[in-house]
Amino acid sequence: SGMVSLKPFGFNFTGVNYGDLLTLLCAVLTAVYFVLYQSLAERYDELSVNVFHMCGAAAFMWVLSLFSTERHVDLSNTGTVLWLLYCAIFASALSFVFLSMAQAKLSAAKVSVICSLESVFAMLFAAVIPGRNGAVEPITLAAVVGGLLITLGVIKISVRPAKGQIDKN
């Protein structure tokens, strides 16, 4: 951002904004997470690491919620509780169990690159599944180029090295 301007091709990077900085911070923290998780998973049982991770994240978020001025979740509503359980079990706990199973067999670098496909699938689903207002997200040239670069990166890191080369990961 802020370094390239290719307006005729649909790219318009005119500056670094707050969202760019948050994205960069998220990328750095995600890299730290994968490396830390790799070292813990090598020493301890994967399920134990996941339970510790989920409990730690829940406790940290609970503490942060004490300082929030936003409205809190109404736990007296059965539908809300069911959605919270669904998100906690399927979107968090099970996904991290599968992630730890993959990371037990692959390096942190490979797992992090494969996990980057999340944004590609998010773009595809947003373009196909309509939102509350019935609209779908448009697929831009920048999104297609970014998705292709991510997908090529995943393929590159997933393919075995050529004969005579050493795979360091």
Side-chain angles (χ1 to χ4, degrees), residues 1-3 13-133 135-137 140 142-143 146-147 149-151 153-154 157-158 169:
S1 290
M3 301 171 104
F13 301 116
T14 57
V16 178
N17 60 33
Y18 183 66
D20 294 333
L21 293 176
L22 289 178
T23 301
L24 183 60
L25 177 65
C26 183
V28 170
L29 291 177
T30 299
V32 169
Y33 167 78
F34 279 117
V35 171
L36 179 62
Y37 194 91
Q38 181 79 35
S39 68
L40 290 174
E42 289 173 353
R43 287 188 261 160
Y44 304 105
D45 175 52
E46 298 159 10
L47 188 58
S48 300
V49 174
N50 273 304
V51 169
F52 179 75
H53 173 229
M54 290 294 127
C55 291
F60 182 70
M61 290 301 141
W62 182 78
V63 169
L64 285 181
S65 74
L66 296 175
F67 301 101
S68 174
T69 59
E70 301 292 320
R71 66 181 184 159
H72 293 279
V73 177
D74 179 18
L75 295 178
S76 64
N77 182 339
T78 306
T80 301
V81 172
L82 290 176
W83 276 111
L84 280 173
L85 287 174
Y86 172 81
C87 288
I89 293 168
F90 293 105
S92 294
L94 283 179
S95 65
F96 279 105
V97 167
F98 293 142
L99 179 69
S100 68
M101 290 168 58
Q103 202 158 349
K105 296 179 183 353
L106 300 170
S107 69
K110 286 186 179 183
V111 173
S112 64
V113 170
I114 292 168
C115 286
S116 69
L117 283 173
E118 178 184 357
S119 60
V120 176
F121 283 106
M123 176 193 65
L124 292 174
F125 289 145
V128 174
I129 301 171
R132 289 184 181 169
N133 61 357
V136 294
E137 290 290 323
T140 64
L149 289 173
I150 291 170
T151 304
V154 170
I157 201 166
S158 300
N169 292 324

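This one's a predicted model, so the numbers in the text were calculated from it and none came from an experiment.
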| said: What I'd like to find out is whether the side chain of F125 reaches to under 4.5 Å of the side chain of V120, using heavy atoms alone. | reply: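 F125 vs V120: side chains apart.
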| Just one of T80, V81, L82 clears the side chain to side chain contact (heavy atoms under 4.5 Å, CB included) bar with T78, so which one? |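 Of T80, V81, L82, side chain to side chain contact (heavy atoms under 4.5 Å, CB included) with T78 is met by L82 alone.
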| field | Which atom of L36 lies closest to which atom of S39, heavy atoms considered | value |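 Smallest interatomic distance, heavy atoms only, reads O-OG, 2.8 Å.
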| V136 to A127 - nearest heavy-atom pair and separation |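 Heavy-atom minimum between the residues: CB-O, 3.5 Å.
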Quick check for you: to the nearest 0.5 Å, what is the distance between [X] atom [atom1] and [Y] atom [atom2]?
{"X": "L84", "Y": "N77", "atom1": "CG", "atom2": "CG", "result": "10.0 Å"}
{"X": "E137", "Y": "I129", "atom1": "CD", "atom2": "CD1", "result": "12.0 Å"}
{"X": "S116", "Y": "L149", "atom1": "OG", "atom2": "CG", "result": "11.0 Å"}

| Pairwise side chain to side chain donor-acceptor pair (under 3.5 Å) hits with a residue in residues 89-98, at least two apart |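 Sorted result for residues 89-98: empty, none.
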| message | Taking atom OH as the centre, does Y33 end up with more than 12 heavy-atom neighbours from other residues, nucleotides or ligands that are less than 6.0 angstrom away? | response |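 It does: Y33 OH has more than 12 such atoms within range.
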Please list every donor-acceptor pair under 3.5 Å in which a side-chain atom of residues 48-66 meets a protein atom from a residue at least two apart or in another chain.
residue	atom	partner	partner atom	Å
S48	OG	D45	OD2	3.4
N50	OD1	Y37	OH	3.2
N50	ND2	Y37	OH	3.3
N50	ND2	E46	O	3.2
N50	ND2	S100	OG	2.8
S65	OG	W62	O	2.6

| task | Describe, in one word, how the ring planes of Y86 and W83 are oriented to each other, choosing from parallel (under 30°), tilted (30 to 60°) and perpendicular (over 60°). | result |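 Because their plane-to-plane angle is over 60°, the rings of Y86 and W83 count as perpendicular.
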